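Working notes, beginning with the structure itself.
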Amino acid sequence: MCGIIGYIGPKKSLPILLDGLKRMEYRGYDSAGIAVIEDGRLKIVKKQGKLDVLKKELKPYKFSANLGLGHIRWATHGEPSDLNAHPHTDGKNEIAIVHNGIVENYQGLKKWLIEKGCQFKTKTDSEILAHLINEYHQDNDLEQAVRLALKKVIGAYGLAVISKKEPDKIIAARLGSPVVLGIGKNERLVASDLTALLPVTKNVIFLEEGELAVLTAEGHKITKLNGQEETRQPQQIDWDIEQAEKGGYDHFMLKEIMEEPATVKASLRGRMILEKNIVVFGGLIDVMDQLAQANRLIIVACGTAHYAGRIAEYIIENLVDLPVEVDYASEFRYKEEPLDPKTIVLAISQSGETADTLAAVRLANQQGILTLGIVNTVGSSIARETKAGIYNHIGPEVAVASTKAFVSQLVIITLLAILLGQQRRLADNQIKTIMAELDQLPEKIQTILDQKATIEKIAKLYCQAENFIFVGRKLNYPIALEGALKMKEISYIHAEGYPAGELKHGPLALIDENWPVVAIISRDSVYEKTLSNLEEVKARKGKIIAIATEGDQQIKTIADQVIYIPKTIELLNPILNVIPVQLLAYYVAKFRGCPIDQPRNLAKSVTVE
Ligand code: BG6
């Protein structure tokens, strides 16, 4: 997934473009580039590699243009290179485009354009758009040329276009990929992500599917691709710029982990009414009857959000007699599972833009199924295309590896289970107990974060390991999966998560003194079972790092290192237990010198299939 940005207004565009690209660098870091119209000519500078490489390349240039585009790339078609970097132009260097998405029918369009005499410089699908638009721009103004060109395109695009023939406007368009407009005083911006706009304005408009916008410094016009005009009021974003910055930490990932006490408070705020022992979600009010009638819940999500779904299955089935099924969104969309009208499909997504999860939502919508979302990014596609939903309200999550969003997802899932339980037979005293424990979580999380130096020391002991196994039982099994994912994502160490009871059915063969086992072993209903599984590991000289409940002396006799977690109820243990596995992966990656916030080959959310 790439990041596009465009600026038109009284200010010099270059610093605004570069700052915006910096804020979107977590979307991709294979190459970066800018285009400006200076003295009536189109000037393009682009380089393979991170944004700093482009900044160095730009040093000799003194661009003062007020109009420009920028792009940060996560390569899909055409390997990372200077040539394949965006912006792309037509053969005559008249227009420039930046694109986030995939042109699925690019081979056919390329053949058609070559027959018309176009010569291509790159192996990308996006370059087609530049030639195609310019083909129509010969006889049409830029807006009409973009409209005609996009009618031929099959695929996904977040697109911005400028032309030296019309140097007073930017044309933007959206289909499948996110596009947000920034509405400032005598200035307009377009970007893939609102964090890129925040330094200039907090007034934004999210383009809807199939919309096109014409931006000038003084104004903006939004239409459907068929030309039908749309009026849209800007909305004010309540995120402040600091939230999208590192706040003095070495990495966004550590900053976001250290924010988790505040994350829990923000996720609970206005939703858990302790004095009335009830849960209220404003975003679900219109569908409360359907929730009460529901006879099945299917959760669709990807990556870390999928593991939040796995824990939801335990929590909801434990508190509410509602069968829950959890699917990888990329599998659900091809399962062709018959869905009866009383089924609910719940999508969990931090970015709200993950293509597979969005497609799963659309599939359920097409079948008339009630779709809900737990989403962090305000105004994102999944938030707008689900029928109802819950925002996390935790501010932007910048690091590619998801941490605070996961904790917030678990808190909101627990509140949702209580809400569904309130509609069924969940006892008031049980609700009271869970709410009281939820209310104490921020403090308990802080006591775990206060142990980060201890976790750093443990990480140092194992940072040269080539493999890790994470184990847990019941609600802690998905935490073992998440722990392994974190270790893989940011330290590039091979790691696997297993139900502790599964070890003896295969993975135990791997265990020896060089293979650390991280055991999530709360003092819960399956403690003894998990303990005996760890005995099996110990018997094979495996090294055990235990994440255990404070006061548990027995575990000390088996584990090599123990990280103690404050007591809470079994249902909420995962929320506390995930924090040490996040920190362990963080510090192992740090000792290995890995690019923690931008791990290779990954991106914050993948908007292509
Ligand atoms: C991946 C991210 O691209 O997408 C993961 O690197 C994330 O951190 C996954 O968990 C799902 O993203 P989202 O935004 O749908 O929760």
Side-chain angles (χ1 to χ4, degrees), residues 1-3 24-29 74 76 100 177-178 192-195 251-253 256-257 263 299-312 326-333 345-362 371-386 389-392 394-410 412-413 478-479 481-492 497 578 581-582 585-586 589 594-609:
M1 139 193 104
C2 308
M24 293 191 290
E25 204 171 13
Y26 66 80
R27 300 176 69 90
Y29 20 91
W74 187 68
T76 54
N100 169 29
S177 300
S192 300
D193 187 301
L194 59 86
T195 49
H251 298 95
F252 279 107
M253 183 177 178
E256 286 155 7
I257 294 172
T263 295
I299 300 176
V300 292
C302 303
T304 292
H306 174 81
Y307 296 140
R310 294 272 194 109
I311 292 173
V326 187
D327 281 315
Y328 283 106
S330 53
E331 287 300 310
F332 174 82
R333 59 186 298 190
V345 168
L346 168 64
I348 306 177
S349 175
Q350 187 286 126
S351 62
E353 299 295 351
T354 301
D356 286 319
T357 310
L358 180 57
V361 167
R362 288 179 175 157
T371 50
L372 305 178
I374 297 178
V375 174
N376 187 36
T377 305
V378 179
S380 56
S381 311
I382 293 171
R384 281 178 294 104
E385 297 196 27
T386 42
I390 306 160
Y391 279 127
N392 294 77
I394 60 167
E397 186 178 67
V398 176
V400 168
S402 184
T403 53
K404 66 173 184 176
F406 181 72
V407 166
S408 171
Q409 286 157 358
L410 297 187
I412 287 173
I413 282 161
I479 296 299
L481 293 168
E482 174 57 10
L485 178 64
K486 285 283 150 305
M487 195 60 85
K488 283 181 267 198
E489 275 179 311
I490 61 169
S491 72
Y492 311 153
V578 75
V581 297
Q582 293 171 344
Y586 172 79
C594 298
I596 289 169
D597 283 341
Q598 297 161 353
R600 70 186 182 206
N601 308 340
L602 297 181
K604 184 62 190 163
S605 87
V606 179
T607 53
V608 290
E609 194 187 328

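These numbers come from the heavy atoms of this one structure, side chains and all, not from hydrogens, waters or symmetry mates. These numbers come from a predicted model, not from an experiment. Read the numbers this way: they start at 1 and go in the same order the structure lists the ligands and their atoms.
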- Ignoring hydrogens and geometry, is there a side-chain-to-backbone donor-acceptor pair from D597 to F252 under 3.5 Å? yes
- Message: Which residue and atom name correspond to the protein heavy atom nearest atom 4 (O) of ligand 1, and how close is it?
- Response: K604 O, 3.8 Å
- Message: Only heavy atoms of A305, strictly under 4.0 Å: list the atoms of ligand 1 that pass.
- Response: 10 (O), 16 (O)
- E489 contact mode with ligand 1 (heavy-atom cut-off under 4.0 Å): side chain
- Counting both backbone and side chain atoms, is some N or O of I348 under 3.5 Å from an N or O of ligand 1? no
- Message: Donor-acceptor check, side chain of T377 to backbone of Q350, threshold 3.5 angstrom: yes or no?
- Response: yes
- With the side chain counted from C-beta on, respond yes when L346 and I374 share a heavy-atom pair under 4.5 Å apart, and no when they do not. yes
- Task: For the pair I311 and Y307, evaluate side-chain contact (heavy atoms from CB on, under 4.5 Å) and give the outcome as yes or no after the intermediate values.
- Result: CA-CA 6 Å; I311 292 173; Y307 296 140; 5.9 Å; no
- What are the atoms of ligand 1, with element, lying closer than 4.0 Å to any heavy atom of S402? 8 (O)
- Nearest-contact summary for atom 11 (C) of ligand 1 - protein heavy atom, Å: C302 O, 3.4 Å
- Item | Flag, side chain of S408 to backbone of K404, donor-acceptor distance under 3.5 Å | no
- Note on the structure: Min over A329, A405, A355, S351 of heavy-atom distance to atom 14 (O) of ligand 1 lands on S351
- Task: Around atom 12 (O) of ligand 1, find the nearest protein heavy atom and jot down its residue, atom name and distance.
- Result: T354 OG1, 3.3 Å
- Would you please determine whether L602 falls within less than 4.0 Å of ligand 1 on a heavy-atom basis? no
- Note on the structure: Note: V400 and P599 closest approach over all heavy atoms is CB-CD, 3.7 Å
- Message: Consider side-chain contact (heavy atoms from CB on, under 4.5 Å). Of T195, D193, N376, which one does P396 pass it with?
- Response: T195
- Anything under 30° is parallel, anything over 60° is perpendicular, the rest tilted; go ahead and classify Y328 against H306. parallel
- ligand 1 atoms nearer than 4.0 angstrom to some heavy atom of S349 are 13 (P), 14 (O), 15 (O), 16 (O)
- Task: Just need the protein heavy atom nearest to atom 8 (O) of ligand 1, so name the residue and atom and give the distance.
- Result: V400 O, 2.9 Å
- When you measure from atom 16 (O) of ligand 1 to every protein heavy atom, which one gives the shortest distance, and what is it? Q350 N, 2.7 Å
- Tell me which protein heavy atom sits closest to atom 3 (O) of ligand 1, plus the residue, atom name and distance to 0.1 Å. A603 O, 2.8 Å
- Heavy-atom nearest neighbour in the protein, as seen from atom 10 (O) of ligand 1, with distance rounded to 0.1 Å: T304 N, 3.0 Å
- Go through ligand 1 atom by atom and flag the ones less than 4.0 Å from a non-hydrogen atom of V606. 3 (O)
- Message: Quick check against the 3.5 Å criterion: does S605 have a side-chain atom that pairs as donor or acceptor with the backbone of S351?
- Response: no
- Query: Between Y492 (side chain) and R600 (backbone), is there a donor-acceptor pair under 3.5 Å?
  - Reply: yes
